[in-house]
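First comes the structure, then the notes that go with it.
Just so we're on the same page: letters track the sequence lines, and every chain starts at 1.
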Amino acid sequence: MTLDLAMRGQMIEVVTIPDATIRAQAIRLGIYEGAKLICSEKLPAGPVILQNRMQEIAIGRNLAKKIAIKAL
Amino acid sequence: MHCHNPVCTMEIPEGARKIVLAGNPNVGKSVFFNALTGMYVDVSNFPGTTVDISIGKYKDDVVMDTPGVYGVSSFNDEERVARDVILFADVILNVVDAVHLERDLFLTQQIIDMGIPMVIALNMMDEVKRNGLNIDIDLLSKELGVEIIPTTAIKKEGMEEMKAALARAKVGNRIPKVKTLMEKVVDQVDVDAEALLVVEEDENVLERHDLKNQYGNREEIYKLRRNRIDEVINAVVTTTNQGASFRTKLGRWMLKPITGIPILFVALYLTYQAIGVFVAQTVVGITEEVIMGQYYYDFIMGIMTRLVSETSFIGQLLIGEFGILTMAPIYLLGLLLPLVVGFYFILSIMEDSGYLPRIAALVDRLLTGLGLNGRAIIPMILGFGCVTMATITTRLLGSKRERFIATMLLGLAIPCSAQLGVIVGLIAPLGGKIVLLYASTIFVVFVLTGTALNKIMPGESTDLLIDLPPLRIPVATNVLRKTYIKSKMFIMEAGPLFVLGAVVVTMLQYSGTLESIMDTFAPVTEGFLKLPKETAQTFIMGIIRRDFGAAGLNDLVSQGLLNPLQTVIALVVITLFVPCIAAIMVIFKERSWQESALIWIGSFVISFLAGGVLAQLVL
Ligand SMILES: Nc1nc2c(ncn2[C@@H]2O[C@H](COP(=O)(O)OP(=O)(O)OP(=O)(O)O)[C@@H](O)[C@H]2O)c(=O)[nH]1
Ligand SMILES: [Mg+2]
């Protein structure tokens with residue numbers, strides 16, 4: 001499934017991220033293929049927030065639709 | 001040595017080491033810089049506020065501050081600046097936010113891989129305990145192979161140890177495989193560190209050395225680095241959890257629309273009360289009307305009328321209606337300065353607290369309709385302070401398309417604090433309905449223009465991917481220092497333009513040109529906009545600065561030339577009118593001349609069109 005379908009509070013693993021530039025930017029923030037993160041918040045039709053310990057990243061909904069994940 | 005890096009041209013004293021501060025955004029680099037050099041730099045909490053590098057001296061060495069970056073590469077302007085400074089450092093002082101090791105150590109390991117000697121300041125140690133984290137610093141130091149000094153920069157804890165450690169900077173544990181890759185290209189670059197960027201496929205570094213992108217594997221190297229860092233962190237960090245703190249919860253509330261929108265409105269309401277009511281009415285009432293309008297005016301007139309006749313050309317130039325000793329300083333210091341100070345004060349608090357990125361996430365959904373993403377809210381908010389400055393920050397947007405849309409919207413529909421102050425003063429007494437009419441007209445033009453540009457412009461906009469920093473209570477000294485610097489910059493920039501404006505308008509008036517321009521424009525002004533022809537003079541003033549134009553409008557209203565509805569129409573036109581001279585100069589620098597000309601003419605046409613349509617509707 002894709003990241004926009006993750007539920008709030010769910011633990012997920014990132015499977016694929018499209019586009020090399022986004023992959024390079026995301027990996028620096030701790031989001032990469034194989035990373036296990038928590039979907040800590042979802043804004044209605046808006047960004048999905050991913051959390052790793054104290055680190056939080058907001059990802060726009062359109063991008064979230066392109067990121068494949070699996071639920072853990 | 002031959003050198004391809006712009007930093008090489010900077011003057012560095014013989015024998016001085018270059019100590020470079022590097023780190024992620026908002027980790028405290030600038031606080032360290034100040035501690036080392038004692039010189040002032042901008043201290044702030046929003047990614048990318050230190051756009052320029054600051055240079056100072058520490059003992060015999062040179063210290064440089066860099067913009068905060070998540071890695072050394074060239075995804076945006078800040079990164080390119082930071083990259084060039086880091087590449088040529090003799091010693092790196094890497095400031096790391098101890099609460100965000102997952103994020104920060106990526107850059108740390110990258111600099112280690114470059115092979116530059118470094119010391120780590122593990123900052124924000126005060127927050128480590130509060131968040132129930134435990135970091136094995138000795139083990140971390142052993143794993144990375146460099147010295148680590150725990151610090152709490154704002155309390156000056158660990159600063160002396162950090163200074164002493166600079167002499168013991170050394171190259172850390174490089175990832176073996178990355179080192180092997182670099183060795184293949186190291187003879188093709190000026191300094192060894194550049195070899196890393198060659199194998200990481202950095203386009204600028206490749207281009208500088210006339211290299212083809214054939215050595216690299218950025219993706220593989222990044223993965224190796226990520227795995228290495230995650231391994232280290234798992235070994236050194238333990239969580240002694242104690243549930244979400246109040247700050248974490250508040251941060252969450254700011255994001256969720258159901259609580260975030262009310263919080264945003266409260267923040268905006270407080271801002272309005274502080275700036276629109278307290279500063280614009282109470283403070284300005286004293287500074288403009290009493291201090292400048294009476295004491296200063298009487299003082300300057302007392303002196304000047306003895307020297308020149310008020311009706312002569314020189315008299316008009318100096319102390320006339322638009323005199324450079326009368327109108328210019330009275331508006332600049334009495335009216336605009338208090339407003340600008342108030343605005344920058346509030347903005348500094350928002351920046352330093354970490355609220356801005358949360359607003360960006362909250363409004364992301366709305367801005368995607370205009371071809372922008374949530375990040376664009378930052379230039380927009382800055383635009384309410386100064387459109388010129390905001391235009392520069394459009395650089396942080398991800399694509400050319402977004403930068404054009406944001407620049408156009410800024411130049412068109414965002415009134416700067418100076419202008420807004422005059423507008424609030426004019427419109428507030430006219431009542432709620434008029435205020436609503438004005439605000440909704442501007443809003444509609446903003447949305448329509450953005451939507452139209454999003455439809456017609458080719459290409460695609462980028463999506464939001466933003467780090468949400470922890471909320472922090474702003475430090476008063478930082479906020480005040482920043483307010484002071486920004487306000488000073490405003491006066492230095494606006495002052496000369498105000499004087500220029502005063503001279504131009506006086507000359508036009510004295511030579512009778514003003515009269516003939518007003519007559520030429522009369523069909524538009526009177527016929528289409530349904531305003532008295534004198535309003536044209538405020539538009540001419542508005543070409544120089546929009547707040548100057550708005551100030552001129554202030555004059556017409558106090559002469560009783562405009563009724564409330566006409567005031568709104570004139571305000572709509574002057575708000576949407578062309579960007580001020582300073583802003584358009586920056587636009588020309590940032591964008592191509594075709595785009596800039598389009599923005600200028602576009603604003604001109606749209607402002608009159610919007611004003612005209614409104615006039616036809618309401619009058
Ligand atoms: N709690 C706490 N706050 C700190 C500490 N050090 C710095 N800060 C605060 O962190 C914020 C950011 O500090 P800056 O020095 O502007 O950070 P920077 O790394 O220069 O930021 P950019 O230039 O924007 O990348 C400021 O509000 C500081 O007051 C610390 O040790 N503890
Ligand atoms: Mg800084």
Which pair of heavy atoms, one from Y70(B) and one from L29(A), lies closest together, and at what distance? CD2-CD2, 3.7 Å

Indicate yes or no: at least one non-hydrogen side-chain atom of [X] is less than 4.5 angstrom from one of [Y].
X	Y	value
L133(B)	M54(A)	yes
R61(A)	R365(B)	no
K223(B)	Y32(A)	no

Checking A376(B) now: which residues fulfil side chain to side chain contact (heavy atoms under 4.5 Å, CB included) with it, not counting sequence neighbours? L367(B), L372(B), L397(B)

In chain order, what residues pass the side chain to side chain contact (heavy atoms under 4.5 Å, CB included) check against E41(A), with sequence neighbours excluded? R8(A), L43(A), I49(A), R252(B), K256(B)

What part of [X] is in contact with chain A, defined as an atom under 4.5 angstrom from a non-hydrogen atom: side chain, backbone, both or neither?
X	value
R358(B)	side chain
E79(B)	side chain
D230(B)	side chain
V363(B)	neither

I'd like to verify something: which residue of P257(B), G251(B), A360(B) has the highest number of heavy-atom pairs under 4.5 Å with chain A? P257(B)

If you count heavy-atom pairs under 4.5 Å with chain A, which of V237(B), L362(B), T462(B) comes out on top? V237(B)

Counterpart residues, side chain to side chain donor-acceptor pair (under 3.5 Å), relative to K177(B) (two or more places apart): E220(B)

Would you give the length of the straight line joining atom [atom1] of [X] to atom [atom2] of [Y], rounded to the nearest 0.5 angstrom?
X	Y	atom1	atom2	value
D97(B)	Q55(A)	CG	CD	9.0 Å
S40(A)	L468(B)	OG	CG	8.5 Å
R218(B)	R23(A)	CZ	CZ	9.0 Å
I59(A)	D463(B)	CD1	CG	10.0 Å

Residues of residues 62-72 of chain A under 4.5 Å from chain B (heavy atom pairs)? N62(A), L63(A), K66(A)

Does any heavy atom of chain B fall under 4.5 Å from the side chain of R28(A), the backbone, both, or neither of them? both

Are there more than 12 heavy atoms of other residues, nucleotides or ligands under 6.0 Å from atom CD of E13(A)? yes

